[in-house]
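Reviewing the structure listed below.
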There are 2 protein chains.
Amino acid sequence: MTGQVRTVDGRVAGRRGQATRQKLLDCLSEMLSSSPYRDVKVIDVARKAGTSPATFYQYFPDVEGAVLEIAEQMAAEGASLTELLEGRSWAGKAGWQTAQELVDGFLEFWRKNDAILRVVDLGAAEGDKRFYKLRMKILNSVNNSLADSVAELQAKGRVDKDVNPAAVAGSLVAMLAAVASHQKGFSSWGVKQAELKPNLALLVHLGVTGRKPTR
Amino acid sequence: MTGQVRTVDGRVAGRRGQATRQKLLDCLSEMLSSSPYRDVKVIDVARKAGTSPATFYQYFPDVEGAVLEIAEQMAAEGASLTELLEGRSWAGKAGWQTAQELVDGFLEFWRKNDAILRVVDLGAAEGDKRFYKLRMKILNSVNNSLADSVAELQAKGRVDKDVNPAAVAGSLVAMLAAVASHQKGFSSWGVKQAELKPNLALLVHLGVTGRKPTR
DNA sequence: CGGTAAGCTGACGTCATGACAGGACAAGTG
DNA sequence: CACTTGTCCTGTCATGACGTCAGCTTACCG
């Protein structure tokens, strides 16, 4: 499944090589959280990893390539976001619970990976297909589950016919992602995180079911 | 109001100078729509404007500085977004109309300025105060109006007490912005723009009033 | 111990950056 | 018309990052 790790010039990476490679990824990841993406230089990453720029280019074609690698690793973890929705109910008190847990889990995931997610978001917005697909991969699990929930409620006649489940789900997920990446913005705008969450959950619940939650 | 335009070394720019300056801004703006932010180089902008890099540095400290300038111009135009909400009603059919027009106007504005808004978003997400403030400035008009609407309905008892108007408004605006910058994402996901808008309007209406719109 | 492939780096040509000094040019003055 | 003044632009340069290559070192294996 996971094809052998290879250097740019085609050699197979051994134990030591993989270690250096991983160290470079870790350092890049760290740099991304502490300085603007635009200012991240190969030479700094290499220095931080205690190696030389040439070594970096042995494992990655460029900074973007390495970022994609990190993002790919993260996307794998992101699949676990599905659990936030699998088999959950949207009826009554359980529905409110579901909405809250979704918001909680989502914000937490985003907070933990914010640096790399920012870059993925930018790449996707700029139209880069690779980043765009990656973003889909990360969001798809949540997105699909949400859309399914809406479609299901719709089939039961509890949601209007003219609602497009995919559009609603996509919009809600986009909202969660956007709020997550601008969390600091909210807090210095006078809205505390603790206040933010229930209001987000409310919006999610409203969007999915069309009704206010019963708490 | 608009203090005199000055060069980096403090001289006042005359007619000709302002023209070159503007030309540089226009070219930068154009480059931002056609290539990734990370790859925009001063030398390319200068070449495109038919001048030299040295000239660029006479008017702007760096690329970021020029971007801020463009964004500032755009923020001024963005103030007109307030009109989308000023004096509008959220009751009955008029409410549905209001929601639709808000979504329409917002998406249009974002589409028209997407390149520069992407960069502002990234800068804000990375924690740069200048970009962060700018983003606020652009969104504040809509944000405040929305929050006011919610607060008003809340005072009338038509919205639950435990709703935080600022949090809801902020989340809805964030949603609109996020969906706008990933419009292409939706379309290639199987959701057409025409379908997207009414669903967004529905979510906005639900969020503000807590009820489904009457159409 | 010798061979082979992996792993790393010094050194190099290329190019963007950012600063400066000085040339070009328009406008006003005697 | 020559001269001055202040704006505007560019040639040039030192610095430093980029990305490549040849070649050195290290590890593994028979």
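Chain letters run A, B, ... following the sequence lines, proteins first, then strands; residues in each count from 1.
- Geometrically, A:R118 does not engage A:Y37 in a cation-pi contact defined by less than 6.0 Å to the ring centre and at most 45° from the axis.
- If you measure from atom CZ of A:R6 to atom P of C:dG7, you get 12 Å, rounded to the nearest angstrom.
- Contacts between residues 23-52 of chain B and DNA chain D, defined by a heavy-atom separation under 4.0 Å, are made by B:T51, B:S52.
- The phosphate of C:dG7 has neither OP1 nor OP2 within less than 4.0 Å of any side-chain N or O from A:T7.
- Taking 4.0 angstrom as the limit, B:Y59 places a side-chain polar atom (N or O) nearer than this to OP1 or OP2 of D:dC9.
- Going from atom CZ of B:F56 over to atom P of C:dC20 covers 18 Å, rounded to whole Å.
- For the salt bridge (charged side-chain N to carboxylate O under 4.0 Å, His left out) criterion with A:E72, the lone passing option out of A:K137, A:K133, A:R130, A:R135 is A:K137.
- For B:Y57, whose side chain is taken as the heavy atoms from C-beta onward, the closest listed nucleotide among C:dC20, C:dG18, D:dG19 is C:dG18.
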Base versus backbone protein contacts along nucleotides 22-30 of chain D [heavy-atom cut-off under 4.0 Å; B, S, -]: ------S--
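- Side-chain contact check for B:Q100 and B:D104: no donor-acceptor pair (N or O, by modelled atom type) lies under 3.5 Å.
- Dashed line: the shortest gap from a side-chain N or O of B:T55 to OP1 or OP2 of D:dC9 is not under 4.0 Å.
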Chi angles and distances behind the salt bridge (charged side-chain N to carboxylate O under 4.0 Å, His left out) call for A:D44, A:K41: CA-CA 5 Å; A:D44 297 321; A:K41 308 289 177 198; over 6 Å; no
